[in-house]
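The model shown is predicted, which means the values in this text are computed figures rather than measured ones. Labels below follow one simple rule: chain letters A, B, ... track the order of the sequence lines, proteins then strands, and each chain is numbered from 1.
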Protein chains: 2
Amino acid sequence: MSSRRATIADVAREAGVSASTASVVFSGKTPVSDATRRKVLDAASSLGYTGPDPLAASLRRGRSGIVGVVFQDHLGRVFLDPVVTHMMDGLADAVAPLGAGLLLLRDDPAAEASSEPSITTAPIDAAVLIGCSPRLRDQLDILAARGIPVVVIEGDAGPGVARIDLDNREAQREVAQHLRRLGHTDVVSLTLPADARRTAGWIRDDEDIVTDVTRIRLAGARDVFPEAKAFAATASSIDEGFAAGRAILAAGTPTAVIAQSDLLAAGMIRAAEEAGLRVPEDLSVTGFDGVTVDGLAPYELTTMAQPATDKGRAAGEAVAARMEGRDAASFRFTCTFRGGNTTAAPREPQASPHDAGNMSATARR
Amino acid sequence: MSSRRATIADVAREAGVSASTASVVFSGKTPVSDATRRKVLDAASSLGYTGPDPLAASLRRGRSGIVGVVFQDHLGRVFLDPVVTHMMDGLADAVAPLGAGLLLLRDDPAAEASSEPSITTAPIDAAVLIGCSPRLRDQLDILAARGIPVVVIEGDAGPGVARIDLDNREAQREVAQHLRRLGHTDVVSLTLPADARRTAGWIRDDEDIVTDVTRIRLAGARDVFPEAKAFAATASSIDEGFAAGRAILAAGTPTAVIAQSDLLAAGMIRAAEEAGLRVPEDLSVTGFDGVTVDGLAPYELTTMAQPATDKGRAAGEAVAARMEGRDAASFRFTCTFRGGNTTAAPREPQASPHDAGNMSATARR
DNA sequence: TTGTAAGCGTTATCAA
DNA sequence: TTGATAACGCTTACAA
């Protein structure tokens, strides 16, 4: 009835063996005689000893068996994004046989200051960075300094860092070409967040975009529509897509909107409906990701489907390689075009941008 | 250029101060003169020291700053369940200000054997158990023995354990009453897994059900339809609902199926369609959870919506209380009825169960 | 098969 | 404001 939790030393003493022997009984790393094992186990249960303290064991071993997953967004919001969900699925799969758990971390500068586990303080053996945070470089530096192997999903990791990527530019270009083939010329891009502060608004200079995915997908769109305007949303969600969609339509009605995510596209469609525009007759909308967006029926987005689960799995395998001291190969996945019912030929050829009148001006509230 | 990572002792030596002083510079727990601080910080950066090793610090402090989230299912699958997703959302929210990270754990007996972090070995300060695993009691014992505070979501935790619950029985009863009001008498329950092995099949004796949620929801259905048969699925998914649905229809066609989750309900509907039955004309189907099921359109389930996010948040708050030594209050949330288009009056009054012929017998392959 | 010894890198306590 | 000391609880060469 001591106030203090039993330790392996207590167990060893009770069993009449040495601490190392007791340790070995629990780890199983060395043969132990049955008699000894029984003595130790009996002593353990009589003392209420539940096995080695993981903290102490980790310290001694030098590894925690934990893989950090770093998101750029508020943790809560992250799970609501189907792409992330599928990636986690693949990641968990690939990391499990490794004997590692997943620790959810977020890239929040404010978190560094608090006591919250962050990239600087979490007891992780490896890290998977998801998304292309502007702070990515800092994070990589921190992790490199800590000697923690890293795999980056969708971000410019610099040389020597394993990355899991998508053919974002080619994929976005493909959708854009699809629109051009349909006859569109007056097109607007609705992009993912573009700057660190995630301000919404028209993008003045593509070079200002610090977020890789945003810039690269936009470049893909520009390969086909060099002059198209681009409006940055504050996040990839239906609501933000809706807000951005209103803003876009307030400035004029293009014949097509290239959204950088399916969720944004869904929001765009809602904004179009609100403005009295029919999709795809009055406005074509394309998405990106290939996730099923809840409640979007009867629309089926024309979009680029990305292998989200595979990306996660690849990241897990890369982490495994790194933790075993092997080199992790970078990998680039390919999106596939998926035609839906949200794109069609524009109603009439457009002589010049935005001369189709602004139907939305009256309809929006 | 030593091969070994610098420690705080190295930094202290380099700075010409004691280790404890150097430690204090990093923790900030004790005032340090500016001069000393600078010396230490300079020494640290010149040695590439990135701050205290979290493992060592944790060992010394006796806490890891990590909250374990224990799922009963395969981790990958877990994220695909919208209810869980929303719960995680709330949980992450509530736990963040606490300064704790979330470690994903799964309740897999096989995992115990492997090196994978599990409930017995993970370095966690508290645990949230999600779902009503048959092993719940064991887990609680293990955690109790380890002295780790616990909060249980949806499970019979026994006295003294904080629980976050739903009014499962009342909620399920409400849906059942809705069906009875429509005129249904020939009803089958399609339940969540009922036993530890998760075998699919007809439930012979409700007392055999070891899974709380399953038993309690079924009891709610039985309050209205005492004689209804019940078929247990092996998991809450559309696919399992589909398989169970086939099996149910193979045994006869009821006028309504009470599914214990929306996903199961969705699978049931697909099985009904496959058998040439129209929903709701030939078969009414009710769900549970109130999540939006992808691809179910144009159906909108008649279901009980549960406040999943709030449940997660409440759990996080309970964990916070526990970690601070306070008592955590249990909390019970209420579901709300949501009518959809998957229920209607039965086509004709049923004289006795299953005499409506077995249309499915021919249709199923 | 078991025991000895030497840390793993910190931080809390207390005294100076 | 700083320093000496003593844990924190475990694991693993290595020797017996």
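Relative to the side chain of R60(A), the nucleotides dG7(C), dG3(D), dG9(C) differ in distance, and dG7(C) lies closest. The side chain of R61(B) sits closest to dA12(C) out of dT11(D), dG9(C), dA12(C). For A56(A), the listed nucleotide lying nearest its side chain is dG9(D); candidates were dG9(D), dA12(C), dT4(C).
Protein atom CZ of R63(A) is 18 Å distant from nucleotide atom C1' of dG9(C), rounded to whole Å. L59(A) places its CG atom 10 Å from the C1' atom of dT11(D), with the value rounded to the nearest Å. Between the P atom of dC8(C) and the CG atom of D53(B) lies a distance of 12 Å, rounded to the nearest Å. As rounded to whole Å, 15 Å separates atom P of dT10(C) from atom NZ of K29(B). The separation between L47(B) atom CG and dG9(C) atom P is 14 Å, rounded to whole Å. For the pair L55(A) CG and dT11(C) P, the computed distance is 13 Å after rounding to whole Å. The distance between atom CZ of R13(A) and atom P of dG9(D), rounded to the nearest whole Å, is 12 Å. Following rounding to the nearest Å, I8(B) (CD1) and dA12(C) (C1') show an atom-to-atom distance of 13 Å.
Between Y49(B) and the choices S46(B), P52(B), S45(B), the side chain to side chain contact (heavy atoms under 4.5 Å, CB included) rule is met once, by P52(B).
Listed pair S18(B) / dG3(D) meets the phosphate criterion, a side-chain N or O lying under 4.0 Å from OP1 or OP2.
Across all strands shown, T30(B) has heavy atoms under 4.0 Å from base atoms, whether or not it also approaches the sugar-phosphate. Residue contacts shown for Y49(A) are limited to sugar-phosphate atoms, with no base heavy atom under 4.0 Å away. Backbone-only contact: S33(B) has heavy atoms under 4.0 Å from sugar-phosphate atoms and none from a base. Using a 4.0 Å heavy-atom criterion, one finds that V17(A) contacts the sugar-phosphate atoms exclusively. Residue S27(A) is classed as having no contact, given no heavy-atom separation below 4.0 Å to the nucleic acid. Nucleic acid contact class of S23(B) (heavy atoms, under 4.0 Å, all strands): base.
Salt bridge annotation for E154(A)-K311(A): present, with a cationic side-chain nitrogen under 4.0 angstrom from a carboxylate oxygen. For R13(B) and D10(B), the salt-bridge test passes: some basic side-chain N is under 4.0 Å from an acidic carboxylate O. Salt-bridge annotation for D125(A) and R63(A): present, with a side-chain N of the basic residue lying under 4.0 Å from a carboxylate O of the acidic one. A salt bridge between D34(A) and R37(A) is present, with a side-chain N of the basic residue lying under 4.0 Å from a carboxylate O of the acidic one.
The 5' end of DNA chain D is approached more closely, in terms of each residue's nearest nucleotide, by V32(B) than by the other of S20(A) and V32(B). Mapping T21(A) and T36(B) onto DNA chain D via the closest heavy atom, the residue that lands nearer the 5' end is T36(B). Where G51(B) and A35(A) each meet DNA chain C at their nearest nucleotide, the meeting point lying more 5' is that of A35(A).
Surrounding CZ of R332(A) are more than 12 heavy atoms belonging to other residues, nucleotides or ligands, all under 6.0 Å away.
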